[in-house]
Colleague: 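Quick one: structure below, then a few questions.
Heavy-atom basis, side chains included; hydrogens, waters and symmetry copies ignored. Along the sequence shown, residues carry numbers from 1.
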Amino acid sequence: MAADRLPSLMLRMVTALRKQRLADSGLDGPGADLYLKTAAAAWGEALADPAKGIARQTAFWTGSLRAWSEALQGSNSAPEFWTGYLERQHQVSADTLRELTEELAALPERDRRRLGYFSDQLVQMLAPANYLGTNPDALARALETEGQSLLDGFENLVRDLENGKGAPLVGLVDTTAFAVGENIATTPGRVVLRTPMIELIQYAPETPQVHQRPIVIFPPWINKFYILDLRPENSLVRWLVGQGHTVFMVSWCNPGPEGAELGLEHYIEDGYLAAISEAARICGTEDVNVLGYCIGGTVLALALALMAKRGDDRVASATFLTTLTDFSDQGNFTPFLQDDFIDAIGREADRTGMLGASVMARTFSMLRATDLVWKPARRSYLMGEAPPAFDLLYWNSDATNLPARMAMQYLRGLCQDNAFSEGRFELFGEHLDLRDVAVPLMAIAAEGDHIAGWTDCYRGFQRMGSTDKRFVLAEAGHVAGVVNPPRRRKYGHYSFDPVDLAASDWRETADFEQESWWPLWQAWLAGHGDGMVAAREPEEGLCAAPGDYVRVLAS
């Protein structure tokens, strides 16, 4: 009976593959220039120091013989021997390849980092555990289930191809387990403003009195806003409301090809400035507090610099979560921020009018390929396991498109040229400068962040012009370090007020607390709350939270 499913699965797979929209081939790997530089550097070193090359070959073959010997000694059967040997030989080859890339002194450091990254991707892809014939656990599982696990794995693969419109993106989560507005993004509120760029949500109060000054939150628009409003027990929004804050949340539009010409100007004018104006109007205040997360924080800094140029003082304080503003060191994104990749992204954006969600999802996944690609693929396709029901991963899968113009402004002007940090970023007829961000500031970075490295966040924060700055370093990563409710006491944080030290010195000097950073930040935010007033119920507005924009899926 199980075999009867094969024809329908094959038909579904072919149908899904026909829907695949082929992206620019330049997005699949580095340009030929990197390989030519690598070959020249390797050849030059071989000629300059032949003994070193011979020693490296000797070490490789010695390691290979050791792998063979250890596999023989630790095996009681031929299959056990071969799987053990292949695992050991893969490790020997991986170590040799990494040493080769690290020791190419003639190759510029940036190229060496790129080569190391792509070499590591190759190493991870070729791991024996990724293939049925060399994965003993998958083979055993297939025997135990009489092939059912392989059939289930094939169905998982077909489902992922269908969900990705033919793109081979590994499903990380059971997407049927969550529904926006039903079991995630459920904090009560109303959409009180809609522009072409945003819906602005005002959340209902939970306390009789609230801080007079509201807080307006600008999340990233690479994913949806509800990372900060998942389930009630880990929702930063719900927690803030419970602490007596009037909270406004920006829900960004999810543009399609029709939004190709949307630029950073539109995000700032119809997003940041519109939200600040409306929150101040509704609350009857002269100014507001603001928070930006990831790219939402990067462009918040641009907006604050613009407001400073215009003499606009409607922001009383600003908080930045895992925010990059100085790209002099491109960190983990170095492989993707060189001309070959950016040129390919530009061609793709020109062709489609946007940087599609699937391109961004693949890039972020490959930064942690072991955890976000290969391990899930093995569980799903080789073992036939269903993906877990996990709210963070559900949010991660609910990606958005980026408008073509905005994507290239960000990648070229901010990431590649580092123009904002150096006071050269042109927008609205102004040269925006990071040093013009001068309101009271707090920044929270994450120690294990693979997207916005904490030392890079710290460097940009140092360059901001405010004389009132606090920096906090949370444990964990880009998401877990932020979504860390106090009741869990799972991840602690480091804090130390002066930010004029080198990052390593700051880390050594900072005090550690084994608790969430949320209460520390809330106390700082309350200090900028400007007293207490009677709680404000949201205006009737346009519709109930979480609104309509958040429900638009990436095309």
Colleague: Can you check whether A452's main-chain N or O pairs, donor with acceptor, with D449's side chain at less than 3.5 Å?
Modeller: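 Checking the backbone N and O of A452 against the side chain of D449, a donor-acceptor pair under 3.5 Å is found.
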Colleague: Scan side-chain atoms only and decide if N234 and D391 contain a donor-acceptor pair under the 3.5 Å cut-off.
Modeller: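 Indeed, the side chains of N234 and D391 share at least one donor-acceptor pair under 3.5 Å.
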Colleague: Go through the structure and list residues passing ring pair (Phe, Tyr, Trp, His ring centres under 6.0 Å) with F225, not counting sequence neighbours.
Modeller: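 With neighbours one apart ignored, the set is empty.
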Colleague: Between the side chains of R459 and S328, is a donor N or O closer than 3.5 angstrom to an acceptor N or O?
Modeller: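 There is such a pair (donor and acceptor under 3.5 Å, judged by atom type) between the side chains of R459 and S328.
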Colleague: Under a 3.5 Å threshold, yes or no: a donor from one side chain and an acceptor from the other, between Y394 and D174?
Modeller: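 Note: Y394 and D174 side chains miss the donor-acceptor criterion.
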Colleague: Just by distance, do the side chain of T322 and the backbone of A445 share a donor-acceptor pair under 3.5 Å?
Modeller: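 No: the side chain of T322 does not pair with the backbone of A445.
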Colleague: So L427 and L306, side-chain contact (heavy atoms from CB on, under 4.5 Å) or not? Walk me through it.
Modeller: CA-CA 8 Å; L427 215 58; L306 176 67; over 6 Å; no
Colleague: Testing the basics here: between S119 and T101, what is the closest heavy-atom pair and its distance to 0.1 Å?
Modeller: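 Of all heavy-atom pairs spanning S119 and T101, the closest is OG-CG2, 3.5 Å.
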Colleague: For N289, check side-chain contact (heavy atoms from CB on, under 4.5 Å) against everything at least two apart and list the hits.
Modeller: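 N289 satisfies side-chain contact (heavy atoms from CB on, under 4.5 Å) with R213, I215, A316, S317, L525, H528 once adjacent residues are dropped.
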Colleague: List for me each residue that meets ring pair (Phe, Tyr, Trp, His ring centres under 6.0 Å) alongside F218, sequence neighbours excluded, and say none if there are none.
Modeller: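 Applying ring pair (Phe, Tyr, Trp, His ring centres under 6.0 Å) to F218 gives Y272.
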Colleague: Any side-chain to backbone donor/acceptor pair from W395 onto K224? Under 3.5 Å, distance only.
Modeller: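 Judged by distance alone, yes, a pair lies under 3.5 Å.
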Colleague: To check you understand the geometry: which heavy-atom pair defines the closest contact between A502 and Y458, and what is its length?
Modeller: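 Looking at all heavy atoms of both residues, the shortest contact is C-CE2, 4.1 Å.
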Colleague: Return the set of residues passing side-chain contact (heavy atoms from CB on, under 4.5 Å) with S277 (not counting sequence neighbours), or none when no residue passes.
Modeller: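 Once residues adjacent in sequence are excluded, the partners of S277 under the side-chain contact (heavy atoms from CB on, under 4.5 Å) criterion are R314.
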Colleague: Side-chain contact, heavy-atom cut-off 4.5 Å: V290 with I276?
Modeller: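 A side-chain contact under 4.5 Å exists here.
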Colleague: Quick one: which residue pairs count as a ring-ring contact (aromatic ring centres under 6.0 Å, His included) with a foot in residues 303-338, not counting sequence neighbours?
Modeller: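 Checked against ring-ring contact (aromatic ring centres under 6.0 Å, His included) - neighbours excluded - the pairs reaching residues 303-338 are Y117-F336, F333-F364, F336-F341.
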Colleague: Compute the ring centroids of W517 and Y491, then answer whether they are less than 6.0 Å apart.
Modeller: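 No, they do not, as the ring centres are separated by 6.0 Å or more.
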Colleague: Any chance the side chains of S235 and D229 put a donor and an acceptor closer than 3.5 Å?
Modeller: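 There is such a pair (donor and acceptor under 3.5 Å, judged by atom type) between the side chains of S235 and D229.
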Colleague: Determine whether a donor-acceptor pair (N or O, by modelled atom type, separation under 3.5 Å) exists between the side chain of E199 and the backbone of D548.
Modeller: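 Checking the backbone N and O of D548 against the side chain of E199, a donor-acceptor pair under 3.5 Å is found.
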Colleague: For H431, enumerate each residue passing the side-chain contact (heavy atoms from CB on, under 4.5 Å) test, keeping only those at least two apart in sequence or located in another chain.
Modeller: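 Listed in chain order: E426.
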Colleague: Which pair of heavy atoms, one from A399 and one from A554, lies closest together, and at what distance?
Modeller: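 So the minimum-distance heavy-atom pair works out to O-CB, 3.6 Å.
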Colleague: Give the intermediate values and the outcome of side-chain contact (heavy atoms from CB on, under 4.5 Å) for residues I201 and V192.
Modeller: CA-CA 6 Å; I201 300 167; V192 294; over 6 Å; no
Colleague: Residues in ring pair (Phe, Tyr, Trp, His ring centres under 6.0 Å) with W454, at least two apart?
Modeller: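 W454 satisfies ring pair (Phe, Tyr, Trp, His ring centres under 6.0 Å) with no residue once adjacent residues are dropped.
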Colleague: Heavy atoms, side chains only, cut-off 4.5 Å: are L172 and N396 in contact?
Modeller: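 A side-chain contact exists here, since the closest heavy-atom pair is under 4.5 Å.
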Colleague: Apply salt bridge (Lys or Arg N to Asp or Glu O under 4.0 Å) to residues R12 and E162 and explain how you reach the verdict.
Modeller: CA-CA 8 Å; R12 285 170 55 192; E162 290 173 335; 2.8 Å; yes
Colleague: Please, which pairs that meet side-chain hydrogen bond (donor to acceptor under 3.5 Å, both in side chains) have at least one residue in residues 399-411, sequence neighbours excluded?
Modeller: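 Qualifying pairs, neighbours excluded: E265-R405, E265-Q409, N401-S555.
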Colleague: Please list, chain by chain and in numerical order, all residues satisfying salt bridge (Lys or Arg N to Asp or Glu O under 4.0 Å) with E422, sequence neighbours excluded.
Modeller: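 Salt bridge (Lys or Arg N to Asp or Glu O under 4.0 Å) check on E422 returns R424.
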Colleague: Looking at side-chain heavy atoms only, is the closest gap between Q338 and R114 below 4.5 Å?
Modeller: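 Side-chain contact under 4.5 Å: yes.
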Colleague: Name all residues meeting the side-chain contact (heavy atoms from CB on, under 4.5 Å) criterion together with A274; count only those two or more places apart in sequence or in a different chain, and write none if there are none.
Modeller: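 Scan of A274 (side-chain contact (heavy atoms from CB on, under 4.5 Å), adjacent residues dropped) gives L193, T195.
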Colleague: According to salt bridge (Lys or Arg N to Asp or Glu O under 4.0 Å), does anything in residues 469-483 pair up with another residue at least two apart or in another chain? List the pairs.
Modeller: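 Salt bridge (Lys or Arg N to Asp or Glu O under 4.0 Å) check on residues 469-483 returns R470-D497.
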Colleague: What pairs with H478 under ring pair (Phe, Tyr, Trp, His ring centres under 6.0 Å), at least two apart in sequence or on another chain?
Modeller: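 H478: ring pair (Phe, Tyr, Trp, His ring centres under 6.0 Å) contacts with Y293.
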Colleague: Less than 4.5 Å apart, any side-chain heavy atom of Y131 and any of L126?
Modeller: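 Yes, their side chains come closer than 4.5 Å.
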Colleague: Does the R463 side chain pair with the main chain of S421, one donor and one acceptor, at a distance under 3.5 Å?
Modeller: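 Yes; judged by distance alone, with no hydrogens or angles, the pair exists.
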Colleague: Can you tell if the side chain of L355 reaches within under 4.5 Å of the side chain of I345, non-hydrogen atoms only?
Modeller: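 They are in side-chain contact.
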Colleague: Under the 3.5 angstrom rule, does the side chain of Q416 hit a backbone N or O of L337 as a donor-acceptor pair?
Modeller: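 The answer is yes, because a donor-acceptor pair under 3.5 Å joins these two groups.
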Colleague: Would you mind telling me which of L228, T187, I227 makes a side-chain contact (heavy atoms from CB on, under 4.5 Å) with L236?
Modeller: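 Result: among L228, T187, I227, L228 is the only option passing the side-chain contact (heavy atoms from CB on, under 4.5 Å) with L236.
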Colleague: Within a strict 4.5 Å, meaning less than it, do heavy atoms of the E278 and L200 side chains meet?
Modeller: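 They are in side-chain contact.
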Colleague: Would E348 and R351 pass as an ion pair if we require N to O under 4.0 Å?
Modeller: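 Looking at E348 and R351, the cut-off is met.
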Colleague: Calculate, to the nearest 0.5 Å, the distance between atoms CG and CD1 belonging to L473 and I444 respectively.
Modeller: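 Here the interatomic distance stands at 10.5 Å.
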Colleague: Please report the interatomic distance CG(L402) to CH2(W252), rounded to the nearest 0.5 Å.
Modeller: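 With rounding to 0.5 Å, CG (L402) is 12.0 Å from CH2 (W252).
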Colleague: For E258 and G256, indicate whether the former's side chain and the latter's backbone hold a donor-acceptor pair under 3.5 Å.
Modeller: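 Checked: pair present.
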Colleague: Nearest 0.5 Å, please: how far is CZ in R378 from CG in L382?
Modeller: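 L382 atom CG to R378 atom CZ measures 8.0 Å (nearest 0.5 Å).
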Colleague: Do the non-hydrogen side-chain atoms of E155 and R159 ever get within less than 4.5 Å of each other?
Modeller: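 Sidechains of R159 and E155: no contact.
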Colleague: Applying side-chain contact (heavy atoms from CB on, under 4.5 Å) to T323 and F461, what does each step give before you reach the verdict?
Modeller: CA-CA 9 Å; T323 294; F461 191 61; over 6 Å; no
Colleague: Strictly below 4.0 Å, N to O, side chains only: are D339 and R412 in salt-bridge contact?
Modeller: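 Salt bridge: yes.
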Colleague: Going through the checks in order, is the side-chain contact (heavy atoms from CB on, under 4.5 Å) test met by D436 and K309?
Modeller: CA-CA 8 Å; D436 288 333; K309 292 283 189 183; 3.3 Å; yes
Colleague: Could you check whether any side-chain N or O of N156 sits under 3.5 Å from a backbone N or O of S380, counting only pairs where one atom can act as donor and the other as acceptor?
Modeller: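 Yes: the side chain of N156 pairs with the backbone of S380.
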Colleague: May I ask you to check whether Y381 and F154 place their ring centres under 6.0 Å from each other?
Modeller: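 Between Y381 and F154, which both carry aromatic rings, the centre distance is not below 6.0 Å.
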Colleague: Which distance, rounded to the nearest 0.5 Å, do you find between the CE of M249 and the CD1 of I217?
Modeller: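 Going from CE on M249 over to CD1 on I217, the span is 4.0 Å.
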Colleague: Do R310 and F428 meet the cation-pi criteria used here (NZ or CZ under 6.0 Å from the six-membered ring centre, within 45° of the axis)?
Modeller: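 Yes, cation above the ring, under 6.0 Å and within 45°.
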Colleague: Checking Q202 side chain against V247 main chain: does a donor-acceptor pair fall under 3.5 Å?
Modeller: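 Such a contact is absent between Q202 side chain and V247 backbone.
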Colleague: Just by distance, with hydrogens left out, do D326 and Q462 show a side-chain donor and acceptor under 3.5 Å apart?
Modeller: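 No, no side-chain donor-acceptor contact under 3.5 Å.
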Colleague: Report yes or no: does R551 contribute a side-chain atom to a donor-acceptor pair with the main-chain N or O of V180 at less than 3.5 Å?
Modeller: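 Yes, the answer is positive, given that a donor and an acceptor are paired below the 3.5 Å cut-off.
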Colleague: Going from CG on D433 to CE on M464, what distance comes out if it is rounded to the nearest 0.5 angstrom?
Modeller: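 Reported value, rounded in 0.5 Å steps: 11.5 Å.
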Colleague: Can you confirm whether L291 sits close enough to V216 that some side-chain heavy atom of one is under 4.5 Å from a side-chain heavy atom of the other?
Modeller: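 Side-chain contact under 4.5 Å: no.
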